[in-house]
Amino acid sequence: MAFLTHPVLPLLTVNRLSMDFGGIRAIDQLDIRIKPGEIVALIGPNGAGKTTFFNCLTGLYTPTSGELLWTPPNRSGRRLNGLKPHQITEQGLARTFQNIRLFSNMTVLENVMIGRHCRTRATVFGAIFRPSSVMQEEQTTIGTSFALLERVGLANLAHERAGNLPYGAQRRLEIARALATDPLLLLLDEPAAGMNPQEGQDLEALIRSIHSDGVAILLIEHDMQLVMRLADHIFVLDYGRLIAEGTPEAIRNNPAVIKAYLGE
């Protein structure tokens with residue numbers, strides 16, 4: 001007797017997405033699918049539209065046309081188009097930035113606690129009068145944030161100002177803050193940029209650890225060795241258009257990719 005299996009729905013479906021800035025088309029009819037728990041890389045030359053796509057996906061830009069469909073497991077799907085950044089974060093998408101964006105005058109711990117804000121319930125009334133439920137939630141937030149700092153190797157710097165951290169540690173702090181939102185999809189925008197070889201190895205181990213928890217990862221990265229080791233599937237952009245997609249092996253040998261990006 002044959003058993004019927006239900007196909008796994010994509011976690012994220014991008015249909016014919018375009019983004020125009022005046023007369024310039026930064027993204028042109030982009031189609032992307034990301035499955036639950038998958039590591040996907042988005043590569044291409046500088047100016048290809050990669051970060052613009054992240055900004056569309058996370059609500060910083062409103063796409064000119066196209067559709068962003070979010071279908072978490074065991075939850076009803078919805079369009080992300082038109083949602084504000086905090087609403088998209090609540091849906092289960094979190095990101096880091098190409099240019100690090102931390103609250104530099106706040107402590108390392110406080111930066112991670114801010115990431116938990118979308119998962120807490122305290123109101124203005126609760127913050128003022130501090131009933132036991134609010135105090136308990138605050139202690140839970142502190143504990144969760146410390147655990148995330150331990151995970152990224154920064155627990156011993158919890159009370160240090162974020163702006164005093166070295167570059168690689170700031171990158172890891174930004175990842176910890178993103179993880180504090182409990183994402184189903186983590187978007188990493190050039191996380192290895194500026195890292196030395198040891199920091200790069202630590203980053204790879206961290207990404208693998210996050211992935212082992214079932215978190216899907218969408219990675220923009222110029223370190224092709226890192227991409228080829230990590231990615232299950234790769235999409236290649238050039239001038240805002242998708243020119244190739246496939247496994248790392250297929251992308252490595254694709255003539256269009258070699259010409260546009262990897263170098264002949």
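Small disclaimer: the values here were computed from a predicted structure and weren't measured.
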Legend entry - Neighbour count above 12 (heavy atom, 6.0 Å) for Arg208 CZ: yes

Inset, instruction - Say whether, by atom type as modelled, one donor and one acceptor occur between the side chain of Ser18 and the main chain of Ser65 under 3.5 angstrom. - result: no

Inset, instruction - Carefully, step by step, assess Arg151 and Ser209 under the rule side-chain hydrogen bond (donor to acceptor under 3.5 Å, both in side chains). - result: CA-CA 9 Å; Arg151 184 170 192 178; Ser209 173; 3.0 Å; yes

Inset, instruction - Using modelled atom types only, decide if a donor and an acceptor are shared between the side chain of His211 and the backbone of Gly37 within a distance under 3.5 Å. - result: yes

Inset, instruction - Would you name the heavy atoms of Thr107 and Ala158 that are closest together and state the gap between them? - result: CB-O, 3.6 Å

Inset, instruction - Flag the pair Phe21 / Tyr61 as yes when their ring centroid distance falls below 6.0 Å, and as no otherwise. - result: yes

Inset, instruction - Please report the closest heavy-atom contact between Leu226 and Ala192, naming both atoms and the distance. - result: CD2-CB, 4.0 Å

Legend entry - Interatomic distance, Leu218 atom CG to Ile39 atom CD1 [nearest 0.5 angstrom]: 11.0 Å

Legend entry - NZ/NE/NH1/NH2 to OD/OE distance under 4.0 Å, Lys35 and Asp232: no

Inset, instruction - Determine, for Glu67 against Arg79, whether the closest basic-nitrogen to carboxylate-oxygen distance falls under 4.0 angstrom. - result: yes

Inset, instruction - Could you check if a side-chain atom of Arg75 sits within less than 4.5 angstrom of a side-chain atom of Leu184, using non-hydrogen atoms only? - result: yes

Inset, instruction - Could you tell me which non-hydrogen atom of Ala178 sits nearest to which non-hydrogen atom of Pro183, and how far apart they are? - result: O-CD, 3.6 Å

Legend entry - Residue among Asn15, Leu12, Leu11 satisfying side chain to side chain contact (heavy atoms under 4.5 Å, CB included) with Arg33: Asn15

Inset, instruction - Say whether, by atom type as modelled, one donor and one acceptor occur between the side chain of Asn81 and the main chain of Leu68 under 3.5 angstrom. - result: yes

Inset, instruction - Without swapping roles, check the side chain of Thr64 against the backbone of Asp20 for a donor-acceptor pair under 3.5 Å. - result: yes

Legend entry - Nearest atoms (heavy-atom pairs only) where Gly168 meets Met195: O-CE, 4.0 Å

Legend entry - Within-4.5 Å side-chain heavy-atom neighbours: Ile34 and Ile32: yes

Legend entry - Side chain Lys84, main chain Leu60, donor-acceptor under 3.5 Å: no

Inset, instruction - Would you name the heavy atoms of Leu242 and Leu30 that are closest together and state the gap between them? - result: CB-CD1, 3.9 Å

Legend entry - Side chain to side chain, Val112 and Phe146, heavy atoms closer than 4.5 Å: no

Inset, instruction - Under the side chain to side chain contact (heavy atoms under 4.5 Å, CB included) rule, what do Glu221 and Lys50 come out as? Steps first, then yes or no, please. - result: CA-CA 10 Å; Glu221 185 52 63; Lys50 303 181 299 293; over 6 Å; no

Inset, instruction - Using atom types as modelled and distance alone, determine if a side-chain donor or acceptor of Gln91 lies under 3.5 Å from a backbone N or O of Leu80. - result: no

Legend entry - N/O donor-acceptor pair under 3.5 Å between Thr144 side chain and Thr141 backbone: no

Legend entry - N-O pairing of Asp189 and Arg95 below 4.0 Å: yes

Legend entry - Side-chain touch Thr96/Leu187, heavy atoms, less than 4.5 angstrom: no

Inset, instruction - Side-chain contact test, heavy atoms from C-beta onward, threshold under 4.5 Å: evaluate it for Leu149 versus Leu109 and give yes or no. - result: yes

Inset, instruction - State plainly whether the residues Glu204 and Arg229 are in salt-bridge range, i.e. N to O under 4.0 Å. - result: yes

Inset, instruction - Please lay out, stage by stage, how Ile210 and Leu186 fare under the test side chain to side chain contact (heavy atoms under 4.5 Å, CB included). - result: CA-CA 9 Å; Ile210 294 167; Leu186 177 62; 4.1 Å; yes

Legend entry - Side-chain donor-acceptor contact under 3.5 Å, His233 with Glu38: no

Legend entry - Heavy-atom pair with the smallest gap, counting every atom of Met19 and Pro63: SD-CA, 3.7 Å

Inset, instruction - Taking the side chain as every heavy atom from C-beta outward, state whether Glu245 and Ile234 have any pair of such atoms under 4.5 Å apart. - result: no

Legend entry - Rounded distance [0.5 Å steps], CD1 in Ile43 versus CG in Leu237: 9.0 Å

Inset, instruction - State, with a plain yes or no, whether a side-chain heavy atom of Leu102 is found less than 4.5 Å away from one of Glu174. - result: yes

Inset, instruction - May I ask you to decide if Gln225's main-chain N or O and Asp223's side chain share a donor-acceptor pair within less than 3.5 Å? - result: yes

Legend entry - Side chains of Ile100 and Tyr167 in contact at under 4.5 Å (non-hydrogen atoms): yes

Legend entry - Separation of Trp70 CH2 from Leu185 CG (nearest 0.5 Å): 5.0 Å

Inset, instruction - Could you tell me whether the side chain of Glu160 and the main chain of Val108 form a donor-acceptor pair under 3.5 Å? - result: no

Inset, instruction - Kindly compute the distance separating CG (Asn164) from CZ (Arg161), expressed to the nearest 0.5 Å. - result: 4.5 Å

Legend entry - Main-chain N/O of Leu165 paired to Gln170 side chain as donor or acceptor, under 3.5 Å: yes

Legend entry - Reported CE-to-CZ distance for the pair Met113 and Arg177, which is rounded to 0.5 angstrom: 14.0 Å

Inset, instruction - Kindly compute the distance separating OG (Ser145) from CG (Asn111), expressed to the nearest 0.5 Å. - result: 10.0 Å

Legend entry - Quiz item: cation-pi between Arg241 and Tyr239, 6.0 Å / 45°: no

Inset, instruction - Might you work through the side chain to side chain contact (heavy atoms under 4.5 Å, CB included) test for Ile217 and Val40, ending with a clear yes or no? - result: CA-CA 6 Å; Ile217 294 169; Val40 172; over 6 Å; no

